[in-house]
Chemist: 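Below: one structure in structure tokens.
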Amino acid sequence: RIWHSNEWYFSVVDVVSALTDSPTPRQYWGKVKDREFDQLELSPIWVQLRLKSADGKQYETDCANTETLFRIIQSIPSPKAEPFKMWLAKVGYERVQEIEDPELGTKRTRALYKAKGYPDGWVEKRMRGIEVRETLTDEWQKRGVKEGKEYSILTAEIAKATFGITPSQHKKYKDL
């Protein structure tokens with residue numbers, strides 16, 4: 001993997017190797033590329049990045065971010081890829097349900113925090129904090145504040161007034 005454009009990118013051939021047990025994963029990926037992308041005249045959804053090989057040298061390698069890897073995995077006909085495909089279908093279905101009933105998303109968030117082991121009190125405070133943040137950012141948008149730098153400045157000022165440190169200072173402290 002390699003950090004590129006502010007996100008992780010992964011070697012597609014390595015993923016293909018793990019999901020297929022193919023003795024020639026590079027050739028397997030070449031066939032998937034031809035069948036799923038080239039023949040349909042789709043634009044490549046992966047990028048070429050220099051990664052270190054087993055021989056210690058760096059080579060241009062087909063790489064993909066997480067979203068793109070999920071799309072590629074959908075194109076791999078392999079029993080090992082099936083659990084990922086089933087999970088992607090389940091998550092997609094859940095998101096469609098949440099569009100119809102947004103409260104389901106809130107319930108899912110609570111359940112995820114609880115599954116991670118956070119205590120009920122913490123979960124409730126976190127959920128309230130999210131709600132307050134959304135109300136605040138909605139008000140900022142109404143008043144013409146643009147996302148990005150202006151949000152960062154306002155958030156930093158609120159954090160400094162509330163906690164005595166800015167989010168960037170908190171991150172440095174947290175990383176110690």
Side-chain angles (χ1 to χ4, degrees), residues 1-19 45-47 49 51-52 61-76 78-176:
R1 70 179 181 179
I2 186 170
W3 187 253
H4 174 73
S5 297
N6 294 320
E7 60 185 328
W8 286 110
Y9 277 72
F10 304 88
S11 164
V12 176
V13 171
D14 289 348
V15 172
V16 167
S17 178
L19 291 177
I45 57 175
W46 55 90
V47 296
L49 300 172
L51 293 178
K52 188 182 280 190
T61 305
D62 287 347
C63 294
N65 63 13
T66 304
E67 180 181 354
T68 301
L69 272 181
F70 285 153
R71 170 61 186 92
I72 291 169
I73 289 169
Q74 291 171 339
S75 302
I76 296 175
S78 164
K80 282 187 165 184
E82 280 308 305
F84 291 99
K85 293 177 187 181
M86 291 178 73
W87 175 77
L88 287 169
K90 181 179 184 285
V91 169
Y93 175 69
E94 289 171 353
R95 293 310 164 271
V96 169
Q97 287 180 311
E98 289 172 11
I99 290 169
E100 294 172 5
D101 181 2
E103 191 174 317
L104 293 173
T106 302
K107 289 179 181 176
R108 182 179 54 83
T109 302
R110 283 180 199 280
L112 286 171
Y113 283 134
K114 288 181 180 184
K116 287 184 171 190
Y118 291 105
D120 289 343
W122 185 94
V123 172
E124 291 309 312
K125 286 178 185 174
R126 177 69 178 138
M127 297 304 290
R128 270 196 314 274
I130 291 169
E131 185 179 338
V132 167
R133 174 73 178 175
E134 286 177 3
T135 302
L136 179 62
T137 55
D138 287 348
E139 186 62 32
W140 287 351
Q141 285 178 343
K142 286 179 195 171
R143 294 174 184 255
V145 176
K146 293 180 181 64
E147 287 190 40
K149 189 172 183 177
E150 290 179 347
Y151 270 47
S152 298
I153 292 167
L154 288 169
T155 300
E157 289 298 318
I158 290 168
K160 183 140 180 132
T162 306
F163 305 111
I165 60 173
T166 65
S168 59
Q169 291 169 326
H170 179 258
K171 184 176 180 346
K172 288 177 187 172
Y173 174 76
K174 191 175 90 173
D175 292 340
L176 291 176

Chemist: Ignoring hydrogens and angles, tell me if any N or O in the side chain of Glu139 forms a donor-acceptor pair with the backbone of Leu136 under 3.5 Å.
Modeler: no

Chemist: Looking only at non-hydrogen atoms, find the nearest pair between Thr137 and Glu134 and report the distance.
Modeler: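 For Thr137 and Glu134, the tightest heavy-atom pair comes out as OG1-O, 3.1 Å.
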
Chemist: Would you please test Arg110 and Thr106 for side chain to side chain donor-acceptor pair (under 3.5 Å) and show each step?
Modeler: CA-CA 6 Å; Arg110 283 180 199 280; Thr106 302; over 6 Å; no

Chemist: Is it the case that atom CD in Glu7 sees more than 12 heavy atoms from other parts of the structure closer than 6.0 Å?
Modeler: yes

Chemist: May I ask you to check whether Phe70 and Trp87 place their ring centres under 6.0 Å from each other?
Modeler: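 Between Phe70 and Trp87, which both carry aromatic rings, the centre distance is below 6.0 Å.
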
Chemist: When you check the side-chain N and O atoms of Arg126 and Tyr113, is any donor under 3.5 Å from an acceptor?
Modeler: yes

Chemist: Minimum heavy-atom separation for Ile76 and Ala81, please, with both atom names.
Modeler: O-CB, 3.6 Å

Chemist: Rounded to the nearest 0.5 Å, what separates atom CG in Asp14 from atom CG in Leu69?
Modeler: 10.5 Å

Chemist: One pair to check against side chain to side chain contact (heavy atoms under 4.5 Å, CB included): Ile72 and Val12. What are the steps and the verdict?
Modeler: CA-CA 8 Å; Ile72 291 169; Val12 176; 4.0 Å; yes

Chemist: Does atom CD of Glu131 have more than 12 heavy-atom neighbours from other groups under 6.0 Å away?
Modeler: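 No.
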
Chemist: Please report the closest heavy-atom contact between Lys114 and Val123, naming both atoms and the distance.
Modeler: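 So the minimum-distance heavy-atom pair works out to CG-CG2, 4.1 Å.
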
Chemist: What's the spacing between Ile73 CD1 and Leu88 CG if we round to 0.5 Å?
Modeler: 7.0 Å

Chemist: Tell me, yes or no, whether the heavy-atom count around Phe84 atom CZ, taken from other residues, nucleotides or ligands under 6.0 Å, exceeds 12.
Modeler: no

Chemist: Any chance you could lay out the salt bridge (Lys or Arg N to Asp or Glu O under 4.0 Å) test for Lys160 and Glu157, step after step, and finish with the verdict?
Modeler: CA-CA 5 Å; Lys160 183 140 180 132; Glu157 289 298 318; over 6 Å; no

Chemist: Answer with yes or no whether the side chains of Arg133 and Thr155 bring together a donor and an acceptor at under 3.5 Å.
Modeler: yes

Chemist: Any idea which heavy atoms bring Pro167 and Ala159 closest together, and the distance?
Modeler: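 The pair with the smallest heavy-atom distance is CD-CB, 3.7 Å.
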
Chemist: About how many Å separate CD1 of Ile2 and OG1 of Thr61, when rounded to the nearest 0.5 Å?
Modeler: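 Between Thr61 OG1 and Ile2 CD1, I get 9.0 Å after rounding to 0.5 Å.
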
Chemist: Quick one, Glu67 with Arg71, criterion salt bridge (Lys or Arg N to Asp or Glu O under 4.0 Å). Give me CA distance, side-chain angles, the key distance, then yes/no.
Modeler: CA-CA 7 Å; Glu67 180 181 354; Arg71 170 61 186 92; over 6 Å; no

Chemist: Could you go through the salt bridge (Lys or Arg N to Asp or Glu O under 4.0 Å) check for Glu82 and Lys85 one step at a time?
Modeler: CA-CA 5 Å; Glu82 280 308 305; Lys85 293 177 187 181; 3.4 Å; yes

Chemist: Minimum heavy-atom separation for Lys80 to Leu19, with atom names?
Modeler: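 Minimum heavy-atom separation between Lys80 and Leu19: CB-O, 3.1 Å.
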
Chemist: Would you kindly say whether Asn65 and Thr68 are connected by a side-chain donor-acceptor distance under 3.5 Å?
Modeler: yes

Chemist: Below 4.5 Å, heavy atoms only, C-beta onward: do Trp8 and Thr66 meet side chain to side chain?
Modeler: no

Chemist: Which atom names give the shortest non-hydrogen contact between Tyr9 and His4, and what distance separates them?
Modeler: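 Scanning both residues completely, I find the closest heavy atoms to be CE1-O, 3.3 Å.
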
Chemist: Rounded to the nearest 0.5 Å, how far does CG of Leu51 lie from CG of Asp62?
Modeler: 10.0 Å

Chemist: Taking NZ, NE, NH1 and NH2 as the nitrogens, is one of them in Arg108 or Glu94 under 4.0 Å from a carboxylate oxygen of the other?
Modeler: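 The answer is no: the pair does not qualify as a salt bridge.
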
Chemist: To the closest 0.5 Å, what do you measure between CH2 (Trp46) and SG (Cys63)?
Modeler: 12.0 Å

